[in-house]
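Just below is one structure, and these are the notes that go with it.
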Amino acid sequence: MESSAPRRTLIVANRTASTPRLLEEVTRRAKEQPTQFTLLIPDVHDRKGADWTIETALPLLQRAAGGPVEHRVGGPDPYGAVEDAVREGRFDDIIISTLPKQTSKWLRRDLVSRVERLGLPVTAVVPRLKSTKELIDDSEDVTRNFIGGGFI
């Protein structure tokens with residue numbers, strides 16, 4: 001009995017590459033079926049611009065994937081970087097992890113719809129926004145930590 005080839009998923013992310021929602025999605029997909037993930041870090045002007053993502057987020061993605069995650073750095077144009085990756089790789093689907101609509105250049109530039117025209121299924125992953133109560137609780141914790149830390 002032949003085993004089927006693993007699914008190949010392209011993850012497009014930069015500043016959101018280590019958010020809980022993306023890590024949960026990677027974990028879910030890895031458990032669902034064997035999957036090879038490749039992280040594409042677009043929207044960088046030089047290699048140093050991607051260093052944080054590679055050094056910090058990549059190990060978290062590998063843990064979520066349960067194995068190695070390849071990575072590549074794209075240029076300053078996110079769509080062009082995705083287009084190049086799709087042309088050069090054999091991906092089955094794409095995950096685009098982006099900031100919330102209020103702050104996302106990618107969403108304002110309609111990156112998700114443009115990438116869908118490349119012919120692969122696309123999933124957009126946006127970090128959860130905190131509720132007002134969580135934001136207030138966080139600010140109270142910061143205040144307590146600041147005061148309690150002897151900074152005043």
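Sequence positions, counted from 1, serve as the residue numbers for this chain.
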Salt bridge (charged side-chain N to carboxylate O under 4.0 Å, His left out) evaluation trace for Glu25 with Arg21
CA-CA 6 Å; Glu25 180 65 13; Arg21 187 169 262 185; over 6 Å; no
Side chains of Arg29 and Thr123: is there a donor and an acceptor less than 3.5 Å apart?
yes
Is the side chain of Thr103 donor-acceptor paired with the backbone N or O of Leu99 at a distance under 3.5 Å, no angle test?
no
Nearest 0.5 Å, what's the CZ-CD distance between Arg114 and Glu83?
8.5 Å
Rounded at 0.5 Å granularity, tell me how far CZ in Arg15 sits from CD1 in Ile41.
14.0 Å
Any side-chain heavy-atom pair of Arg72 and Thr38 under 4.5 Å:
yes
List the steps, then state whether side chain to side chain contact (heavy atoms under 4.5 Å, CB included) holds for Ile54 with His71.
CA-CA 8 Å; Ile54 293 168; His71 68 277; 3.7 Å; yes
Has Arg90 got more than 12 heavy atoms of other residues, nucleotides or ligands less than 6.0 Å from its CZ?
no
Cut-off 3.5 Å, no hydrogens considered: what does the side-chain donor-acceptor table look like for residues 55-64, sequence neighbours left out?
| from | atom 1 | to | atom 2 | distance (Å) |
| --- | --- | --- | --- | --- |
| Thr56 | OG1 | Trp52 | O | 3.3 |
| Thr56 | OG1 | Trp52 | NE1 | 3.4 |

Leu22 side chain near Ile11 side chain, heavy-atom distance below 4.5 Å
yes
For Ala30 against Ala65, the heavy-atom pair lying closest together
CB-O, 3.5 Å
Apart from Tyr79 itself, what residues make up its hydrophobic cluster when side-chain heavy atoms of I, L, V, M, F, W and Y under 4.5 Å apart count as a link, directly or indirectly?
Leu10, Val12, Leu40, Val82, Val86, Phe91, Ile94, Ile96, Trp106, Leu107, Leu111, Val112, Val115, Leu118, Leu120, Val122
Taking ILVMFWY side chains as joined if any heavy atoms are under 4.5 angstrom apart, and letting links pass through other members, which residues group with Val126?
none
May I ask you to decide if Ala13's main-chain N or O and Thr16's side chain share a donor-acceptor pair within less than 3.5 Å?
no
Which atom pair, heavy atoms only, marks the closest approach of Gly74 to Ala81?
CA-CB, 3.8 Å
So do the side chains of Arg8 and Thr35 get within less than 4.5 Å of each other, counting heavy atoms only?
no
What I want to check is whether the side chains of Ser104 and Thr98 have a donor and an acceptor closer together than 3.5 Å.
yes
Please examine the side chains of Arg7 and Glu32, heavy atoms only from C-beta on, and report whether any two atoms are closer than 4.5 Å.
yes
